[in-house]
Amino acid sequence: MTSIWADEALTRDAFLGGRVTLLQPRQGYRAGTDPVLLAAAIDAAPGESVLEIGCGAGAAMICLAARVPELDLSGVEVQPGYADLARRNAEANGIAASIHTADLRALPGALKARRFDHVIANPPYFDRSRSRPAPNPAKETAFGASLPLSEWIDAMARRVAPGGRLWLIQRADRLPEIIAALHGRMGGLAVRPLVSRQGRDAERVLVTARQSGRAAFRLAPPLVLHAGTRHVSDAADFTPEAEGILRHGEKLRM
């Protein structure tokens, strides 16, 4: 497989305690815990179809595939360099995935003709119109969205099969936007807040909704990621639940 990346521009990073390894750029957007948490939340079963919009280097879909075998995986990424890495990473981890280089506003016909059991995303956290531009163009695209969050959710919802689910991770202060975008078109909305330490406000949220769902809104207890009330050493201090999810590939309960 020919790559557009020079070897010296990349690092090889371990996820899920080494079960997954990913090539990532030294400069630009690099996956952290967010795609791992997103992957851990998804209630996928072997044989089901999954579409990730904005898949980057493939962290979320590959971590999901490490937990759930035999998935029908597709990804869309607007940046050719990251789409290239997603293809390389899927192949290196023994994962079958179809990666498309495309804008979410102009999905390929092969994807527009399909509906998926699960559509997932880790959309950019900041509205570019309200924030300063990032000095690195790759980080600008990853962290600052030129499209409203509502357009991400619209593109996702259109691809969810009847009875299927939408899954995303986002900043907690953008939860009202998410709820507004889903109102009237998807049900069974559930939210799990993510808290860095006990007693702190939620910084991020995991959100899921079902196509044609009618279940009442559910706010789950927060997942606390780090033990103690403050950081006291350089050693990892994950709570037991977070340790199981991030290091051992356990399911995250929604």
Side-chain angles (χ1 to χ4, degrees), residues 13-17 20 22 24 28-43 54 56 59-60 63-64 67 120-132 134-136 139-140 142-145 148-150 152-153 156 165-183 188-209 215-254:
D13 304 298
F15 293 79
L16 300 181
V20 167
L22 299 176
Q24 300 195 92
Y29 172 74
R30 293 170 57 81
T33 60
D34 289 356
V36 182
L37 293 166
L38 174 63
I42 299 163
D43 284 328
C63 286
L64 173 59
R67 178 172 59 85
I120 72 174
N122 179 10
Y125 279 0
F126 299 97
D127 183 336
R128 192 178 293 169
S129 67
R130 303 176 188 174
S131 58
R132 295 179 180 178
N136 185 306
K139 286 191 175 182
E140 172 75 3
F143 289 110
L149 184 55
S150 60
W152 278 78
I153 293 172
M156 296 174 71
R165 279 198 170 274
L166 172 153
W167 305 82
L168 62 85
I169 186 170
Q170 184 54 246
R171 285 171 46 199
D173 63 359
R174 303 196 73 180
L175 181 57
E177 293 178 67
I178 297 170
I179 294 174
L182 291 171
H183 180 69
L189 182 64
V191 177
R192 185 154 193 200
L194 303 174
V195 179
S196 60
R197 295 184 187 276
Q198 193 70 45
R200 297 190 183 181
D201 289 347
E203 298 168 351
R204 292 163 291 171
V205 288
L206 283 160
V207 179
T208 184
F217 171 80
R218 185 168 59 85
L219 181 62
L223 169 63
V224 180
L225 297 175
H226 298 281
T229 57
R230 62 189 180 90
H231 183 70
V232 295
S233 73
D234 292 333
D237 61 354
F238 292 124
T239 61
E241 185 176 5
E243 176 84 11
I245 293 165
L246 297 171
R247 298 287 176 83
H248 305 297
E250 295 177 1
K251 177 76 175 65
L252 188 157
R253 300 184 305 278
M254 285 290 291

**Request:** Please list, chain by chain and in numerical order, all residues satisfying ring-ring contact (aromatic ring centres under 6.0 Å, His included) with Phe217, sequence neighbours excluded.
**Result:** none

Could you pull out every donor-acceptor pair under 3.5 Å between side chains of residues 243-254 and any protein atom, sequence neighbours left out?
| from | atom 1 | to | atom 2 | distance (Å) |
| --- | --- | --- | --- | --- |
| Lys251 | NZ | Ala41 | O | 2.8 |
| Lys251 | NZ | Asp43 | OD1 | 2.9 |
| Arg253 | NH2 | Glu241 | OE2 | 3.4 |

**Message:** Do Leu182 and Leu166 make a side-chain contact, defined as non-hydrogen atoms from C-beta onward lying under 4.5 Å apart?
**Reply:** yes

**Message:** Among Leu175, Asp201, Leu219, Leu206, which residue satisfies the side-chain contact (heavy atoms from CB on, under 4.5 Å) criterion with Pro193?
**Reply:** Leu219

**Prompt:** Is a donor on one side and an acceptor on the other found under 3.5 Å between the side chain of Glu203 and the backbone of Ser196?
**Reply:** no

**Request:** Side-chain contact test, heavy atoms from C-beta onward, threshold under 4.5 Å: evaluate it for Glu177 versus Ser150 and give yes or no.
**Result:** no

**Request:** Test Arg197 against Asp237 for side-chain contact (heavy atoms from CB on, under 4.5 Å), laying out the working first.
**Result:** CA-CA 10 Å; Arg197 295 184 187 276; Asp237 61 354; 2.8 Å; yes

**Fill in**
Closest heavy-atom pair, Leu38 versus Ala121, reported as atoms and distance to 0.1 Å, is CD2-O, 3.5 Å

**Prompt:** If you take all heavy atoms of Arg192 and Pro221, which pair is closest and at what distance?
**Reply:** NE-O, 2.8 Å

**Item:** By side chain to side chain donor-acceptor pair (under 3.5 Å) - contacts of Thr239 (at least two apart)
**Value:** none

**Item:** Side-chain heavy-atom pair Phe15, Thr33 within 4.5 angstrom cut-off
**Value:** no

**Item:** Over all atoms of both residues, closest heavy-atom pair of Gly32 and Pro35
**Value:** O-CD, 3.6 Å

**Fill in**
Separation between CG (Leu189) and CZ (Arg165), nearest 0.5 Å, reads 9.0 Å

**Request:** Working to the nearest 0.5 Å, report the span between CZ of Arg67 and CG of Leu16.
**Result:** 9.5 Å

**Asked** How many angstroms lie between atom OG1 of Thr208 and atom CD1 of Ile120, to the nearest 0.5 angstrom?
**Response** 11.0 Å

**Prompt:** Between Arg171 and Tyr125, what is the shortest heavy-atom contact and its length?
**Reply:** NH1-O, 3.0 Å

**Euclidean distance, Leu22 CG relative to Cys63 SG, rounded to 0.5 Å** = 6.0 Å

**Item:** Residue that, paired with Leu168, satisfies side-chain contact (heavy atoms from CB on, under 4.5 Å) out of Val205, Leu149, Asn122, Ile178
**Value:** Ile178

